[in-house]
Participant: 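Take a look at the following structure, please.
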Amino acid sequence: MKRKFTFRSYLLLILVAWILAYAHKAWAQDDIPLEERLRKNPLPASATHLESGGKVYRDSCAGCHGMDGKPKPQTEQSTPAPQGDLSDFRMESIRDGEIYWVVTHGIENFMPASEGKLSDTQRWEVVLYIRELRARRKAIEIAQLGPYRWKLPVGFPYPNVPADNPMTPEKVELGRYLFYDQRLSLNQTQSCASCHKQKLAFTDGRPRGVGSTGELHPRGAMSLANVAYSPALTWANPNIHQLEQQALLPMFGENPIELGMSGKETLLIERLKAEPKYQKLFAAAFPKESNPFTVANVVKAIASFERTIISGDSPYDRYARGGDPNAIAESAKRGELLFFGEKLECFHCHGGFNFTGTVDYFQKGLPEVEFHNTGLYNLKGKTSYPVPNTGIYEFTQNLDDVGKFKAPTLRNVMLTAPYMHDGSVKTIDDVIDHYGAGGRTIKSGPLAGVGAENPNRSDFVQGFELTAEERKDLHAFLESLTDKSFLTDPALSNPWISVSHPSGQGVEK
Amino acid sequence: MRARSLWLAAAFLWSSATWAQTQPVRIQFKAVLGEEVFACGHSYTGIGTTKSTIEPKDLRFYVHNVRLLDETGREVPVHLNQDGKWQLEDVVLLDFENGTGRCSNGNADLNMEVSGTVSGGHTYRGVRFILGLPFDKNHTDITTMPPPLNLTSMSWSWNAGRKFARIEFTSTGLPHGFIFHLGSTGCVPNTPMTAPPTSCAQPNVAEIFLPEFVPGESQVVADMAMLLKDSNVDVTVKEYKNGCMSSPGNPDCAPLFANLGLAFGANLARPQTVFRVGDLQETSKSKQQ
């Protein structure tokens, strides 16, 4: 009983701290009744109400939360709770009714209730004022970000953009054409989209990529969903941080050959110049440059387009952050609890708004880059993972890093099979089995070994048992991360298809 | 009349003084396989431990920090002509492939010399240079750096750097080719892992010292047969695919690194055997004729 109580307090604490804002907001599982959550603020956002809310906030809330919503430094007197930043993007995910509830009832042991101290109107005024804190901060962020207008799902932070490649709609448009253009491969058979197909959440359905010359890539194509938020790109390379830098890999890399353009930059530029459409697109994207046809601009445009590949409109998003408590089935809601629970531990590496621990965004402060060993292999010999896929060990040369790879986003995970860096796990059920066993055991052959005994295996991969019902629930939850509008968003689709292109050459079909 | 003589004398002295300050220097490079000059489109026999027949696909490498030794043995830096193409600051790209034959991934341009100026008034004997790129230039952006650091063929994006040397050929046993790409490995950023590399565990840059080199009389000979002398170029280790991309665990790299005077794994560096001094007038049996 005690344990349950503590857990509930923890849930509510989190709700306020927003640290795992996505993690513990199951509609039916903590103390806020559904109808309370869905309540809308009855007051209009008038100057009078805002002013009044500001005064109440100053007197009752600012002591801990700070006048601008940013938590005050902890002192001995202050509560042990980490106050969340009431002005940051996570606030967009919290409903009026939820804020009102917390203001009214407080949080056991951490935050006093205001019921009886503040009138109902005053509490709703505080809710208004808290909304205003986020609105003010957002206005500042927009001013700092420049004129580009992001179209982001509710509760998504602004992505970081390199200072030397600010976003513009024209660059995004050019990048979209380039992304789908087979002229980017030497033999004109592949474009970026060949391995990053929109209908498969920008993966290719293969265990491992296949380049334009037929060479097999050691690893699989990663989903590009929300790639703008990833401060580390590819499966396990601590040196690739920016999409501009990453785009050079498939274009010019030789081990393996992907698009096969190494040494052919002059040819590439000639091809692009010969396309009448590009004359306009490059000039519009780089208006200050007399010769905008450069490799630097090609990768800048592609990176700009990639930053718009954003997925945040899944049924789960509508359920967790939108106004639709029935957007996902009851089974998925139970699966959510399993996913975010301590039995399965999934969320430790697949948490946050993008379901991955490797994340960065505008003004985050500290980018997070994580690589984990999930016990997929345990070979005898020097490295426990088969060469060349030894994880970040390839770079750090520290044996403790063998087998450490980036946890990919789980958004649209049902469409991104087969799984793991080398596509060696075929189905989502096999993935669940793998984690259930705390690692994969391969009985014979050159890859034989007990993955669960890999010395580098993550502490969060401990194994678990699921009933058939629980497995169904987990499935349903993972399915609720499929964002159908993302898969068919015309803004992310092949632009050449609508362009008349009689020869059909050089176009991704 | 007298004034004019004085003026001439002054001019002569001034120009001598200038001459004494710096003098032009050219250090020519020649790529060979044993006694034969390297050329795309030709084949070379008796290469490596299996006496294989090979055909070049590529041969390019960067050198930097070129120095001559004066009569006291002091190292005097060669200030490179900034030609906007092959030489940038203290870096030179040497390019021996002309895009013909199997070198079709290359280009027509060739560069087989280092040109610059060196402090005048000395008699130089001996040359030193470093095969590879300095750390601060290796990890720069290929899309924004001037030539010769802007070549995609020398880029090595996976390691956030460049290939120092690109040496490729087909052999009797490997008709698709054996690849040797020399570059820094074990490159990592500081924590958090969001910065460019701050160090490389294996820089893999080789200091080359040729004490017998005399400017104007000698040239630097890079002998690919010597590089491959201890390799079996007819097979490669399967898991590392087609040759040596400088991966620290790849056994195909060991003899190549040894001959370049580079440490590899547990092998300590020993004197390099690939570069030697040749007579500038030396007539090699050239297959180009």
Participant: Identify which part of A/I240 has an atom lying under 4.5 Å from any heavy atom of chain B, answering side chain, backbone, both or neither.
Facilitator: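 Answer is side chain: those atoms of A/I240 sit under 4.5 Å from chain B.
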Participant: Quick one: what part of A/V299 sits under 4.5 Å from any heavy atom of chain B, side chain, backbone, both or neither?
Facilitator: side chain
Participant: Quick one: what part of A/L216 sits under 4.5 Å from any heavy atom of chain B, side chain, backbone, both or neither?
Facilitator: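 A/L216 touches chain B through backbone heavy atoms alone.
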Participant: Name, in order of residue number, those residues of residues 255-264 of chain A that have a heavy atom at a distance of less than 4.5 Å from a heavy atom in chain B; otherwise write 'none'.
Facilitator: A/N255, A/P256, A/M261, A/S262, A/G263, A/K264
Participant: Give me the contact list for residues 159-183 of chain B versus chain A, heavy atoms only, anything under 4.5 Å, ordered by residue number.
Facilitator: B/N159, B/A160, B/K163, B/R166, B/E168, B/H181
Participant: Which bit of A/E215 comes within less than 4.5 Å of chain B, counting heavy atoms only: side chain, backbone, both or neither?
Facilitator: side chain
Participant: Considering only heavy atoms, which portion of A/E244 lies under 4.5 Å from any heavy atom of chain B: side chain, backbone, both, or neither?
Facilitator: neither
Participant: Are the aromatic rings of A/F293 and A/F282 close, with centres under 6.0 Å apart?
Facilitator: yes
Participant: Which atoms of A/E265 come close to chain B, meaning under 4.5 Å heavy atom to heavy atom: side chain ones, backbone ones, both, or neither?
Facilitator: both
Participant: Between A/K406 and A/S230, is there a side-chain donor-acceptor contact under 3.5 Å, judged purely by atom types and distance?
Facilitator: yes
Participant: Using salt bridge (charged side-chain N to carboxylate O under 4.0 Å, His left out), reason through B/E97 and B/K57 one step at a time and then give a plain yes or no.
Facilitator: CA-CA 8 Å; B/E97 59 72 33; B/K57 288 178 78 180; over 6 Å; no
Participant: Please rank B/N242, B/N107, B/T152 by heavy-atom pairs under 4.5 Å with chain A and give me the top one.
Facilitator: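 That would be B/T152.
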Participant: Under a 4.5 Å heavy-atom cut-off, does chain B meet the side chain of A/T234, its backbone, both or neither?
Facilitator: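 A/T234 touches chain B through side-chain heavy atoms alone.
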